[in-house]
There are 2 protein chains.
Amino acid sequence: MAKRKDVTKEQIIEIAAMMVRTRGCNGFSTRQLADEVGISSASLHHHFTTKDDLIAAVAATCRDRVNRSQGVIAAEIEGFALHLSHSSQALGDDALLIAMLAADFPTLPAKSQDEARQLIANLRGWLSRFVAQARTDGELPEDAVPDQVAGNVLAEILGSALLQRVALPGTLPVPPMTWGWQRVD
Amino acid sequence: MAKRKDVTKEQIIEIAAMMVRTRGCNGFSTRQLADEVGISSASLHHHFTTKDDLIAAVAATCRDRVNRSQGVIAAEIEGFALHLSHSSQALGDDALLIAMLAADFPTLPAKSQDEARQLIANLRGWLSRFVAQARTDGELPEDAVPDQVAGNVLAEILGSALLQRVALPGTLPVPPMTWGWQRVD
DNA sequence: GTCTATAGACCGATAGAC
DNA sequence: GTCTATCGGTCTATAGAC
């Protein structure tokens, strides 16, 4: 009967992810996170010795989530644009989390940078493979470069997540994803 | 003959903008900025009393630049997708700067938040008007919603600026902008 | 695994001399 | 307009008791 709260790493990571989304990796302190979790700063550092370890764990957990959601999405949806629209929805809060990791990337310590890079590479790679399949199916021009299209799609997903929070209160709702493809000569 | 360096606000803003792009608003200190400029922390605070004043000035300066570049772009380019591709290029480093302001937005103090909001609203508004014109010219479907398309375009510009820095060294070059439009029912 | 207490560095900002 | 010096606060991280 856990008298001593026995907070789990998973709980900490979840709240840390929330703080990365809302404040960025450099926008919150380990103390503030500890307060939010409900433990002391020292207890937090018992679970994650350094902030680097913590952010890296947040990124790694996100990567697991994203990789799992990919299978679900691929099995359910048909059609390129529609598929990508649903991909964005499936990412949910992770779109913003990934965007913040990308924004803070140059200031992240080693482990965190490695995890963030793998997370984004995984996601882009998967999008790229889907684009390649869509091209094979005739949904895209033959000369479409899958990795480029995947980059464009991922850029819009991340950028859209950021823009949502800057909107003036009481104006423009979030633009739904409506991708397409067009040659630019 | 400025013996006392007589650093101008413009010089400070320029270097501050660089630090916002590379480290984010919460990723550098006023001390580090002062060192980079080559003056003392006290001198920096003489020009900008608070960090809020500084970031707000960076955003305001960016907005001026963006607003000026809009006229240039509109006069030179024809064609929707091609135009937008050039818009992205014209923004240059400002795309990343705007993306970082959006990422840090929730943690910014009052003045900075106001300036960042105006900057993004200006840019999106201009993109929206361009989209409306392109629709009138028959380059887009009649039921395209200009503000939504503008949001999608801006999202990709900002997201693309972020993603460029996360690329693994020695891999994927930046995907060029190749927007298009397609109904999603 | 939790805590209190604290180290040592850095933070934003100010005082006051020149 | 620049500087040195410093204030009071926060930062990440650790020591050591329970």
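Naming convention: chains lettered A, B, ... in sequence-line order (proteins, then strands); numbering from 1 in each chain. Reckoned from all heavy atoms, side chains included, excluding hydrogens, waters and symmetry mates.
For the residue pair D137(B)/Q133(B), the side-chain donor-acceptor check at 3.5 Å is satisfied.
The nearest heavy atom of DNA chain C to Q32(B) and to A42(B) marks one nucleotide each, and the one closer to the 5' end goes with Q32(B).
Nucleic acid contact for F28(A): sugar-phosphate only, since backbone atoms but no base atoms lie under 4.0 Å from a heavy atom of the residue. In this structure, S41(B) reaches the bases: a heavy-atom distance under 4.0 Å links it to at least one base atom across the strands shown. Using a 4.0 Å heavy-atom cutoff across all strands shown, S40(A) reaches at least one base atom of the nucleic acid.
S43(B) has no side-chain polar atom (N or O) that falls below the 4.0 Å cut-off from OP1 or OP2 of dG1(D). OP1 and OP2 of dC10(C) both lie 4.0 Å or more from every side-chain N or O belonging to S29(B). Of the side-chain N and O atoms in T30(B), none sit less than 4.0 angstrom from OP1 or OP2 of dC11(C).
T22(A) is not listed as a side-chain neighbour of P106(B), based on a closest heavy-atom distance of 4.5 Å or more.
Taken to the nearest 0.5 Å, the CG atom of D35(A) stands 7.5 Å off from the OG atom of S29(A).
S160(B) contributes no side-chain N or O that, together with a main-chain N or O of I157(B), makes up a donor-acceptor pair within less than 3.5 Å.
Atoms CG (D52(A)) and C1' (dA13(D)) sit 13 Å apart, rounded to a whole Å. Between the P atom of dT4(C) and the NE2 atom of H46(A) lies a distance of 16 Å, rounded to the nearest Å. Nucleotide dT10(D) holds its P atom 18 Å from the CG atom of N26(A), rounded to whole Å. Rounded to a whole Å, the NZ atom of K9(A) is 12 Å from the P atom of dT2(C). dA13(C) atom C1' lies 5 Å from atom NE2 of H45(B), rounded to whole Å. Going from atom CZ of R31(A) over to atom C1' of dT14(D) covers 12 Å, rounded to whole Å. Residue L54(B) contributes atom CG, which lies 14 Å from atom P of dC11(C) at whole-angstrom precision. When rounded to the nearest whole Å, the span between CD1 of I39(B) and P of dG1(D) equals 11 Å.
A salt bridge links D114(B) with R117(B); the closest basic N to acidic carboxylate O contact falls under 4.0 Å.
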